[in-house]
Undergrad: 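The structure under discussion is supplied below as structure tokens; questions concerning it will follow.
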2 protein chains.
Amino acid sequence: MLDVLQRPVDRLDPLDRQIIGCLTRDARATYAVIGDEVGLSAPAVKRRVDRLVADGVIRGFTALVDPEVLGWTTEAYVEVFWEGTPSPLELRRSLGEVPEVVGAWSVTGSADALVHILAADIPHLEEAIERLRQQPNVHQTRSEVVLSRLIDRARP
Amino acid sequence: MLDVLQRPVDRLDPLDRQIIGCLTRDARATYAVIGDEVGLSAPAVKRRVDRLVADGVIRGFTALVDPEVLGWTTEAYVEVFWEGTPSPLELRRSLGEVPEVVGAWSVTGSADALVHILAADIPHLEEAIERLRQQPNVHQTRSEVVLSRLIDRARP
DNA sequence: GCTGAAATTCAGCCTCA
DNA sequence: TGAGGCTGAATTTCAGC
């Protein structure tokens, strides 16, 4: 049980954090460029990045794509109110049935879960929310349709 | 004004979509590897990627970091109620002042914006929300603290 | 798409604490 | 032992053509 208490964060020194910062800003930066910024040689940076990936600190590298270009123009956050006391497992199974759900979190407050939905357009969104409502134990929903994306910072 | 009507999506052919798919899976993949997968030479892939970035289809490349490792264990979605009629520009400037805000969207419904906050712990979260409340024109907030992450599907 | 020069990656080796 | 710097070969990038 001791390793539960030893937070993985302990394995990250300031240099690791700087390197992670560089890579979140630009995942395709060369090791030499990162090295210049953090004060290490390119090979030293590579060794640390390899270690961070192997340890699961860095889960991967991805491209940030403008969702509009892919045709996913409609986005909504939906609060879900549950009948009875939901277990995270039930919630996950129920919400996961709707493919348009790209994110879901159980939350404090009057709602039980917050669900992020991506759809092609408003009729598609409406239909997806309808399917969400028909999931067992989903009692009520309250939707907020995204008008515009204001901030979308990469994780630090 | 005509180029406003011409949706960027029109400029994406199946090859572009395949390349975007590769880069979403691994932003550090070499052009040669991508080329093997989509049936192009490395220079041809590079030219397309450069064009996709220049056109804003690809907004950047980032590393996916395990938030728990960084110690950002506390997450909340905050509805922001605005005094008067907010412009997206004002909203962005106001909300962007708080570094803990990692995402923000203007939304329909009673709230004006939905804000995603990451913090180290509950006191840090409380302090960040307090700073959010003190931004000019922010009238009221309603927070939902995330208890657990149920679904986090990668964007298509 | 091909080519070739420049840049980058990356494994092996050495050094230091 | 572990972490960094250096070196040089293999690979990748990238600007002509």
Side-chain angles (χ1 to χ4, degrees), chain A residues 1-66 69-70 154-156, chain B residues 3 8-72 120 154-155:
Chain A
M1 280 313 263
L2 264 177
D3 56 355
V4 173
L5 293 173
Q6 200 210 333
R7 303 247 308 279
V9 66
D10 298 335
R11 296 197 311 264
L12 285 188
D13 67 13
L15 238 35
D16 287 328
R17 287 170 184 277
Q18 274 186 278
I19 291 171
I20 288 171
C22 292
L23 285 171
T24 49
R25 276 199 306 282
D26 177 15
R28 285 184 75 84
T30 67
Y31 297 125
V33 167
I34 298 169
D36 278 350
E37 223 166 303
V38 306
L40 283 178
S41 68
V45 173
K46 183 188 185 296
R47 280 191 283 252
R48 276 174 181 262
V49 172
D50 286 347
R51 198 199 66 222
L52 290 168
V53 171
D55 288 358
V57 175
I58 295 175
R59 287 191 312 218
F61 303 96
T62 193
L64 298 169
V65 180
D66 187 340
V69 175
L70 292 176
R155 301 280 169 88
Chain B
D3 55 355
V9 66
D10 300 335
R11 297 197 307 265
L12 282 190
D13 68 13
L15 238 34
D16 287 328
R17 286 171 185 277
Q18 275 186 277
I19 290 170
I20 288 171
C22 292
L23 286 171
T24 306
R25 276 198 306 283
D26 177 16
R28 283 183 79 82
T30 67
Y31 297 126
V33 167
I34 299 168
D36 278 350
E37 225 168 301
V38 306
L40 284 176
S41 69
V45 173
K46 182 187 188 297
R47 279 191 283 256
R48 276 175 183 260
V49 173
D50 286 347
R51 199 199 67 223
L52 290 168
V53 171
D55 289 359
V57 174
I58 295 174
R59 287 191 316 216
F61 303 95
T62 192
L64 298 169
V65 181
D66 187 339
E68 294 204 5
V69 175
L70 290 176
W72 297 68
R155 302 278 171 88

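As a basis for the values below, the full set of heavy atoms in this structure was taken, side chains included, without hydrogen atoms, waters or symmetry mates. To find a chain, count down the sequence lines: A is the first, B the second, and so on, and within it residues start at 1.
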Undergrad: Base, backbone or nothing for each nucleotide of nucleotides 11-17 of chain D, written B, S, -, heavy atoms under 4.0 angstrom, 5' to 3'?
TA: -SSBBB-
Undergrad: So, using side chain to side chain contact (heavy atoms under 4.5 Å, CB included) as the criterion, who are the partners of B/Val33 when residues are at least two apart?
TA: B/Thr30
Undergrad: B/Arg28: what forms a salt bridge (Lys or Arg N to Asp or Glu O under 4.0 Å) with it, not counting sequence neighbours?
TA: none
Undergrad: Would you mind reading off the distance between A/Leu15 atom CG and D/dA3 atom C1', rounded to a whole angstrom?
TA: 11 Å
Undergrad: So, taking the atom named CG in A/Leu12 and the one named CG in A/Leu52, what distance separates them when rounded to the nearest 0.5 Å?
TA: 6.5 Å
Undergrad: Can you list the residues that meet the salt bridge (Lys or Arg N to Asp or Glu O under 4.0 Å) rule with A/Arg47, with sequence neighbours excluded?
TA: none
Undergrad: Got a sec, which residues hit side-chain hydrogen bond (donor to acceptor under 3.5 Å, both in side chains) with A/Asp66, two or more places apart in sequence or on another chain?
TA: none
Undergrad: Could you pull out all residues at least two apart from B/Arg59 that satisfy side-chain hydrogen bond (donor to acceptor under 3.5 Å, both in side chains)?
TA: none
Undergrad: Please tell me if the side chains of B/Glu37 and B/Val45 come closer than 4.5 Å, counting only heavy atoms from C-beta onward.
TA: no
Undergrad: Residues two or more places apart in sequence or in another chain: which of them pass side chain to side chain contact (heavy atoms under 4.5 Å, CB included) with B/Asp36?
TA: none
Undergrad: Of all nucleotides in DNA chain C that come within under 4.0 Å of a heavy atom of chain B, which is furthest toward the 5' end and which toward the 3' end?
TA: C/dG1 to C/dT9
Undergrad: Using the C1' atoms of five pairs at each end, what's the angle between the two axes of the helix from C/dG1-D/dC17 to C/dA17-D/dT1, to 10 degrees?
TA: 20°
Undergrad: Is there side-chain contact between A/Ile58 and B/Val69, with heavy atoms separated by less than 4.5 Å?
TA: no
Undergrad: So which of A/Ile20, A/Asp13, A/Ile34 actually passes side-chain contact (heavy atoms from CB on, under 4.5 Å) with A/Arg48?
TA: A/Asp13
Undergrad: Could you tell me how far apart A/Leu40 (CG) and D/dG5 (C1') are, to the nearest whole angstrom?
TA: 10 Å
